[in-house]
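Data block below; observations after.
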There are 2 protein chains.
Amino acid sequence: MEEGTSKSHSHREGTGRDYEACQWDTRSDCEVRQILDRVADKWSLLVIALLDERSLRFTELRRKVDGISQRMLTVTLRQLERDGLVERTVHAVVPPRVDYALTPLGMTLHDTIQALVTWTEENQGRIAAARAAYDTRRMREGESLPSP
Amino acid sequence: MEEGTSKSHSHREGTGRDYEACQWDTRSDCEVRQILDRVADKWSLLVIALLDERSLRFTELRRKVDGISQRMLTVTLRQLERDGLVERTVHAVVPPRVDYALTPLGMTLHDTIQALVTWTEENQGRIAAARAAYDTRRMREGESLPSP
DNA sequence: CGGTATCCGTTCTGATACTG
DNA sequence: CAGTATCAGAACGGATACCG
């Protein structure tokens, strides 16, 4: 496992900087930033969103998350398990069966993430329109600009 | 405006595929996934969270988002501008002054993202504890396992 | 079935230099 | 101040092979 380098040490040293308008710590070495980077991860987000109430098997998840490789699903699930968001249950049967379910903590995160997914669904039209408008604008500007 | 209808409930036609438990489209080539990947981006998330109500200048943002390079801030802001989430205002003065502010659409996203940041703040202790427990467990298992 | 280990190309990112 | 351009290195992520 080459990734997963976690150096979660953060001590507030140095002179007090200007964090006037922002009440939460935006420093890259702070814990909130570390967790935010994990939670805001492409695959983590999808897995959390998919694991609603009902537990899913490894292969079920792999089939539902279109485009994820076995490797990335494993890595993602390990991280979520480490963070206490997902629980991994191994059943000692043949063929092997492993279930993944949200922990209580994971369920609270699920609510927040679901809100993000819902927002995206509801606003995808507006974003697509904005992109089209932006691209059109840039194209026109490009036409009227001298080439280097 | 024109996008009032969500077409995320139209999977129940023809042969019933396995979208039973998931009501939104999880295919990698769908629009929701594309937007989600952008919105769930490390830097986008921070910039949106920081741009609350008050507009900020390029350098202000750069100073607030600890660890971001000039390049990535530019790239992130261009994407957010293209998606219609952030508005870029150039003031024709010297020295140059460029303000970045949330659009109305960006403000609605800000609410959702702020919820994610708040969740992270409130639960960072639990996650840190889960990580410590996980690492301790793995260390003990590693000690009692034969080395290859 | 549910992984782990390894290789290796692609993408991302930061440092640097330069411009209006 | 607010960028753009370029480039090398790091991280990401997929393909493959193999194991319990």
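Quick note on labels: first sequence line is chain A, next is B, and so on, each numbered from 1.
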Identify whether any heavy atom of [X] sits under 4.0 Å from a base atom; if not, whether one sits that close to sugar-phosphate; answer base, sugar-phosphate or nothing.
X	result
B:Arg62	nothing
B:Arg78	sugar-phosphate
A:Pro95	sugar-phosphate

Can you work out whether A:Lys42 or A:Gln70 has the more 5'-proximal nearest nucleotide on DNA chain D?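 Final value for this comparison: A:Lys42.
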
Could you state the [atom1]-[atom2] distance from [X] to [N], rounded to the nearest angstrom?
X	N	atom1	atom2	result
A:Asp99	C:dC1	CG	C1'	12 Å
B:Ile68	D:dA2	CD1	P	14 Å
B:Leu77	D:dC1	CG	C1'	14 Å
A:His91	C:dC1	NE2	C1'	13 Å
B:Leu61	D:dC1	CG	C1'	14 Å
B:Trp43	C:dG14	CH2	C1'	10 Å
A:Arg63	C:dG2	CZ	P	11 Å
B:Met72	D:dG9	CE	P	20 Å

Can you check whether [X] has a side-chain N or O nearer than 4.0 Å to OP1 or OP2 of [N]?
X	N	answer
B:Arg71	D:dT4	no
A:Tyr100	C:dC1	no
B:Thr59	D:dA2	yes
B:Arg57	D:dA2	yes

message: Between B:Ser69 and A:Glu60, which residue's closest nucleotide on DNA chain C lies nearer the 5′ terminus?
response: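 Residue closer to the 5' terminus by nearest nucleotide: A:Glu60.
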
Can you tell me if B:Glu81 has over 12 outside heavy atoms packed within less than 6.0 Å of its CD?
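Counting neighbours around CD of B:Glu81, more than 12 heavy atoms of other residues, nucleotides or ligands fall under 6.0 Å, so yes.
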
Using side chain to side chain contact (heavy atoms under 4.5 Å, CB included) as the criterion, point out the one residue from B:Leu77, B:Leu80, B:Asp99, B:Val98 that pairs with B:Arg88.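 That would be B:Val98.
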
- Item | A:Asp25/A:Arg33 salt bridge by N-O under 4.0 Å criterion |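 Looking at A:Arg33 and A:Asp25, the cut-off is not met.
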
Tabulate below the donor-acceptor pairs under 3.5 Å that side-chain atoms of residues 103-111 of chain A make, not counting sequence neighbours, or state none.
from: A:Thr103; atom 1: OG1; to: A:Gly84; atom 2: O; distance (Å): 2.7
from: A:Thr103; atom 1: OG1; to: A:Leu85; atom 2: O; distance (Å): 3.2
from: A:Thr103; atom 1: OG1; to: A:Leu105; atom 2: N; distance (Å): 3.4
from: A:Thr103; atom 1: OG1; to: A:Gly106; atom 2: N; distance (Å): 3.0
from: A:Thr108; atom 1: OG1; to: A:Leu105; atom 2: O; distance (Å): 2.6
from: A:Thr108; atom 1: OG1; to: B:Trp119; atom 2: NE1; distance (Å): 2.8
from: A:His110; atom 1: NE2; to: A:Ala49; atom 2: O; distance (Å): 3.3

Correct closest heavy-atom pair for B:Glu60 and B:Ser55 would be OE1-O, 4.3 Å

By nearest atom, which of the nucleotides [options] is closest to the [X] side chain?
X	options	answer
B:Val98	C:dT13, D:dG14, D:dA2	D:dA2
A:Thr74	D:dA2, C:dC1, C:dT4	C:dT4
A:Phe58	C:dT13, C:dG2, D:dG14	C:dG2

